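Only one structure is covered here, and it is reproduced in the block below.
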2 protein chains.
Amino acid sequence: MHKRRRTFVAGRDLVHQGQSDQAAYILASGWACSYKILRDGERQIVDFQIPGDFLGLRSVLLHTADHSIEPITDIEVCEVQASDLLGAFTRTPRLATAVLWAASRDEAMVVEHLVDIGRRHAAERMAHFLLELGARLSLVGLATKAGYTCPLTQYLLADALGLSAVHVNRVLRQLRETGLLTFRDGYVTFDDYDRLREFAGFDPVYLDHAGPLLR
Amino acid sequence: MHKRRRTFVAGRDLVHQGQSDQAAYILASGWACSYKILRDGERQIVDFQIPGDFLGLRSVLLHTADHSIEPITDIEVCEVQASDLLGAFTRTPRLATAVLWAASRDEAMVVEHLVDIGRRHAAERMAHFLLELGARLSLVGLATKAGYTCPLTQYLLADALGLSAVHVNRVLRQLRETGLLTFRDGYVTFDDYDRLREFAGFDPVYLDHAGPLLR
DNA sequence: AGCGGCGACTGATGTTGATCAGCCAAAGGC
DNA sequence: GCCTTTGGCTGATCAACATCAGTCGCCGCT
């Protein structure tokens with residue numbers, strides 16, 4: 001499959017809401033986020049993408065981007081042409097199953113964020129979110145049970161969790177003071193992983209470590 | 001593909017959170033909902049399914065159900081065996097693309113619900129949700145711009161929108177009193193479709209009427 | 001006829017998290 | 001050296017929505 005390596009700088013949109021006939025990308029290094037903007041200027045971040053994640057798959061399949069993607073840090077990606085991707089499915093059906101699996105995993109994460117925002121209060125929500133991120137990062141060797149480096153600002157967390165930046169700050173303080181987790185100077189530390197897991201009701205089955213090809 | 005026709009009664013779960021090696025279903029008649037239960041008994045409904053929708057696709061691909069599915073009315077479904085589905089992909093790669101498209105559309109809807117709950121206030125949220133449902137129903141001939149019959153209770157709406165049942169009631173009253181929409185006796189009436197659309201900021205591009213095979 | 005259950009509906013009270021308004025430290029531009 | 005920007009942090013006030021505690025009408029049961 002034809003893959004072109006490209007780099008993008010932080011802050012400049014990679015995919016823009018409403019664009020059509022978009023390429024897809026695989027994120028090689030750096031962090032990005034996918035989000036939607038509403039009429040009134042409010043922003044909802046749907047998910048953060050970390051190295052190894054697929055970017056813009058939905059834009060390709062639906063022919064038009066229903067969301068934007070912005071690099072949070074400078075990033076490197078491999079570009080995958082839409083036609084190449086769809087063509088490869090006919091030649092390698094197993095690839096189609098694998099991509100379908102990846103899409104399902106993405107959807108499961110979005111569902112979990114929906115539950116976060118709909119039914120967990122701010123502190124649980126934050127804890128659950130940072131635990132999920134940790135679990136995903138540890139799959140690519142970027143986190144341990146102790147913690148991970150994390151380039152997110154409190155504003156980004158607010159837009160992802162449906163909170164105000166002010167409240168994010170208070171919630172982080174609360175989590176720090178109760179000895180559950182510390183987020184400071186770009187580093188997340190799990191001060192008491194088990195109690196934190198219990199507090200957030202975090203159950204990582206939906207991240208499905210197994211992958212599409214086992215069984 | 002082997003398809004077995006089955007019926008289920010309202011209220012008895014079709015798929016249960018944590019089950020593995022589940023079959024998938026295509027909903028032939030009736031309504032269902034997919035939801036997650038939290039430790040504390042709170043429930044978040046992720047989406048409602050209407051005739052023509054795929055049920056439990058994610059459970060098949062991830063090998064284990066991360067959510068439950070409950071029929072809201074008595075329903076009829078066609079059962080599709082997991083092995084048949086995955087086998088068919090290798091014989092008919094186009095089918096894989098079609099299913100991938102369907103999965104992307106599902107994900108786009110979940111994303112829209114995330115935006116609903118994260119960044120729209122209760123009345124906008126309700127309006128947007130009922131408009132989306134109307135748009136989906138009209139694709140299968142079950143709704144017009146005037147309205148549609150809708151078996152949902154206020155409790156179900158509350159669990160879907162992340163509100164309390166009490167507040168759902170108040171919001172519905174408000175929408176009725178401002179002449180936007182009326183939900184009464186199992187029927188949703190759009191009293192002023194254009195103003196309602198404007199009010200909710202509803203833009204149905206993500207429902208992608210085109211389908212996977214055009215272009 | 002009487003009872004129990006369910007869904008719609010309402011007023012009073014309480015809490016969560018938004019908003020406003022501001023401070024401080026670090027980093028970069030000129 | 002000064003000015004501006006950015007991100008983290010805080011107290012005071014306020015609105016949205018939850019919770020509690022009911023009422024009412026309808027239906028099916030015995």
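Keep in mind that the numbers below use all heavy atoms, side chains included, and drop hydrogens, waters and symmetry copies. Every value quoted in this text rests on a predicted model; they were computed, and no experiment measured them. We name chains A, B, ... by the order of the sequence lines, and we start the count at 1 in each one.
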From CD of Gln154(A) across to C1' of dC9(D) the rounded distance in Å is 8 Å

Ion pair present between Arg176(A) and Asp191(A), side-chain N to carboxylate O less than 4.0 angstrom?
-> no

Rounded interatomic separation in angstrom, taking CD from Glu124(B) and P from dA16(D) = 12 Å

From dC17(D), dC9(D), dC20(D), nucleotide with atom closest to Leu163(B) side chain | dC17(D)

Distance, rounded to the nearest Å, where Tyr187(A) contributes OH and dG8(D) contributes P | 17 Å

Is Gly186(A) touching bases, backbone alone, or none of the nucleic acid, heavy atoms closer than 4.0 Å?
-> nothing

May I ask you to say what Val166(A) touches in the nucleic acid, namely base, sugar-phosphate or nothing, with a heavy-atom cut-off under 4.0 Å?
-> base

Closest heavy-atom pair, Cys150(B) versus Val188(B), reported as atoms and distance to 0.1 Å, is CB-CG2, 3.9 Å

Examine the side chains of Asp116(A) and His113(A) and answer whether a donor and an acceptor come within less than 3.5 Å of each other.
-> no

DNA chain C: 5'-most and 3'-most nucleotides touching chain B, 4.0 angstrom heavy-atom criterion | dA8(C) to dA12(C)

Value in whole Å for how far the P atom of dG7(D) lies from CZ of Phe183(A) | 12 Å

Could you label the plane-to-plane angle of the Phe202(B) and His128(B) rings as parallel, tilted or perpendicular, counting under 30° as parallel and over 60° as perpendicular?
-> perpendicular

Contact class for Arg173(B) vs. all strands (heavy atom < 4.0 Å): base, sugar-phosphate, or nothing?
-> sugar-phosphate

Tell me, with the steps shown, if Glu112(A) and Lys36(B) meet salt bridge (Lys or Arg N to Asp or Glu O under 4.0 Å).
-> CA-CA 9 Å; Glu112(A) 205 58 39; Lys36(B) 295 194 80 154; 2.6 Å; yes

So what does Ala165(A) hit on the nucleic acid, given a heavy-atom distance under 4.0 Å: a base, only sugar-phosphate, or nothing?
-> nothing

Nearest-angstrom distance from the residue atom NE2 of His167(A) to C1' of dA12(D) = 15 Å

Kindly give the heavy-atom pair with the smallest separation between Ala200(B) and Ala127(B), and that separation in Å.
-> CB-CB, 3.8 Å

Looking only at dT10(D), dC17(D), dG7(D), the nucleotide nearest the Asn169(A) side chain is dT10(D)

Between atom CZ in Arg170(A) and atom P in dG11(D), what is the gap in whole Å?
-> 8 Å

Rounded distance (Å) that lies between atom P of dG7(D) and atom CG of Leu157(A) | 12 Å

Using 30° and 60° as the class limits, which term best fits the ring planes of Tyr25(A) and Phe8(A): parallel, tilted or perpendicular?
-> perpendicular

Between Thr153(A) and Arg119(A), name the one whose nearest nucleotide on DNA chain D is closer to the 5' end.
-> Thr153(A)

Taking atom P of dG7(D) as reference, at what distance in whole Å does atom CZ of Arg184(A) sit?
-> 18 Å

